[in-house]
Chemist: 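I'd like to ask you about the structure that follows.
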Amino acid sequence: MSFATKRLGKELSKINNSLPPGIELVSADNFEEWFLDIRVLDNNPLYANQVYRLKFKFSAQYPIEPPEVVFVKLANRPIPIHPHIYSNGIICLDLLGQQGWSPVQNVESICMSLQSMLTGNNKDERPAGDEEFVRGNRLRPKDIDFYYHDNNV
Amino acid sequence: MTHALQLKEEGNRRFLAGDYATAEALYSQALVLDPTNPALYTNRAITRLRTCQWDNVIADCDECLRISPDNMKAHFYLSQAHLALHAYDDAVAHALKAHQLCVRAADKSLVAITAHVLKCKKERWDDLEKRRMRETSELENEVNYLLTSERDRALQELGDVDEGTRKEIEEEWQQKIDRMRVVFEKATANESKRRVVPDWAIDGISFGFMVDPVITKTGKSYERASIEEHLRRQPVDPLTREPLYISELVANRDLKQACDEFLEENGWAADW
């Protein structure tokens, strides 16, 4: 059994027991791709009454390597508006990059970081160059070298 | 290249192709030409592991260890063969030796060997547990048999007494037997009660039970195999992101002892 499979098995049994408020497991049919729903816990008007769908993709090197995490768009699951979230669902978060990742992070802690990233935001805008990025991007999210220019957002 | 080495290379190719029988034959031919090459013994041992020839694996590893006593692979394969043969103590001993040599050599197989150490300890505990359960249930049956025959004998010796007294004495014995059943039931239920692994024994990276905990400058401990895997990719502390190198890790002996002792008493924790 690979490193990733064993660790994800343990994460899953923990998730099945309990998850923090505002986070729900949608499906985890294998150890390659999981879906979770998150929502914010305050009344931030940008995200109130909305649920967002996250897709996690794990490599065999997880958690040594970070998972690939994006928001996915469905009829009732929009992509949250945020200056670090592109309209195709790609998230620009230090924690998820090759440099910012730490193997002590896990699916639950990532969801919580994303919750607080939304909660703390009051800008109703997409990242600079969103349209161009979404049109031109062919890279996998984790290979994109984001420039973390504003850590206060 | 010598002829023995050519045979070895061809054996390696056959091994990778999954043709274990031919690979084994090629290593055997090479060993005739060069009977002192430890790698030929370990290579043949792994083909024999794949084909479940446990006794032959043991013979190859023993021979290899005679030539080269600190051969990590020989200890690792030997442990796997002993495990397959249910020789748990030998399996654990050689797994631990392989682990020690692997750490010393900074070999890449540390993740696999660490997992194997846990597997050996778990299977040894399972076996012990099975034996304990069987012995308990045998003891229960024996005690039950003794009590019922003692009751029957006592009733027979009563001879001519009135039905009331006989009933009373029979009742007394039945209570004793019932009480014995309850005591045994409680004892077995206790063993299978809800089991919890303490957080201090769990590695924050693999989420596995720790076999060889090492401590960082910040005071946090991890499984050696996991943290080394992480530091090879990125030499920073997982918590503080400050620079951290493999050479700075220190074995956490007290925690290791605590983990070993916990596992000794709670073998089920190995595959938590």
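Letters A, B, ... are given to chains in the order of the sequence lines, protein chains preceding strands, and every chain is numbered from 1.
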Chemist: Which heavy atom of A/Ile64 sits nearest to which heavy atom of B/His230, and what is that distance?
Modeler: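 Taking every non-hydrogen atom into account, CD1-N, 3.7 Å.
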
Chemist: In terms of heavy-atom contacts, does NZ of B/Lys256 have more than 12 from other residues, nucleotides or ligands at under 6.0 Å?
Modeler: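 Yes, NZ of B/Lys256 has more than 12 neighbouring heavy atoms, counting only those of other groups under 6.0 Å.
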
Chemist: If you round to the nearest 0.5 Å, how far is CD1 of B/Ile205 from CD of A/Gln105?
Modeler: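 It is 11.5 Å, given to the nearest 0.5 Å.
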
Chemist: Between B/Pro238 and A/Pro103, which heavy-atom pair has the shortest distance, and what is it?
Modeler: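 Residues B/Pro238 and A/Pro103, closest heavy atoms: CB-CD, 4.3 Å.
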
Chemist: Look at atom NZ of B/Lys73 and say whether more than 12 heavy atoms of other residues, nucleotides or ligands are closer to it than 6.0 Å.
Modeler: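 12 or below, so no.
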
Chemist: As a quick check of understanding, evaluate side-chain contact (heavy atoms from CB on, under 4.5 Å) for B/Arg233 and A/Glu65, giving each step before the final call.
Modeler: CA-CA 9 Å; B/Arg233 175 185 171 274; A/Glu65 295 285 332; 3.1 Å; yes

Chemist: Could you check whether atom NZ of B/Lys217 has more than 12 heavy atoms from other residues, nucleotides or ligands sitting under 6.0 Å from it?
Modeler: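 Count over threshold, so yes.
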
Chemist: CG of B/Asp199: more than 12 outside heavy atoms within 6.0 angstrom?
Modeler: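 It does not: B/Asp199 CG has 12 such atoms or fewer within range.
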
Chemist: Would a 4.5 Å heavy-atom cut-off, applied to side chains only, mark A/Pro63 and B/Phe207 as touching?
Modeler: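 When only atoms from C-beta onward are counted, B/Phe207 and A/Pro63 do not touch, as no gap falls below 4.5 Å.
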
Chemist: Would you please say whether a donor-acceptor pair under 3.5 Å links the side chains of A/Gln99 and B/Arg241?
Modeler: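 No, no side-chain donor-acceptor pair sits under 3.5 Å.
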
Chemist: Select one option (side chain, backbone, both, neither) describing which atoms of B/Gln234 are under 4.5 Å from chain A's heavy atoms.
Modeler: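 The side chain, not the backbone.
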
Chemist: Please check if the number of heavy atoms outside A/Asn30 that lie under 6.0 Å from its CG is greater than 12.
Modeler: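 Yes - once you tally the heavy atoms of other residues, nucleotides and ligands closer than 6.0 Å, there are more than 12.
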
Chemist: Around B/Glu248, counting heavy atoms of other residues, nucleotides and ligands shown, do more than 12 lie under 6.0 Å from its CD?
Modeler: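 Counting neighbours around CD of B/Glu248, more than 12 heavy atoms of other residues, nucleotides or ligands fall under 6.0 Å, so yes.
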
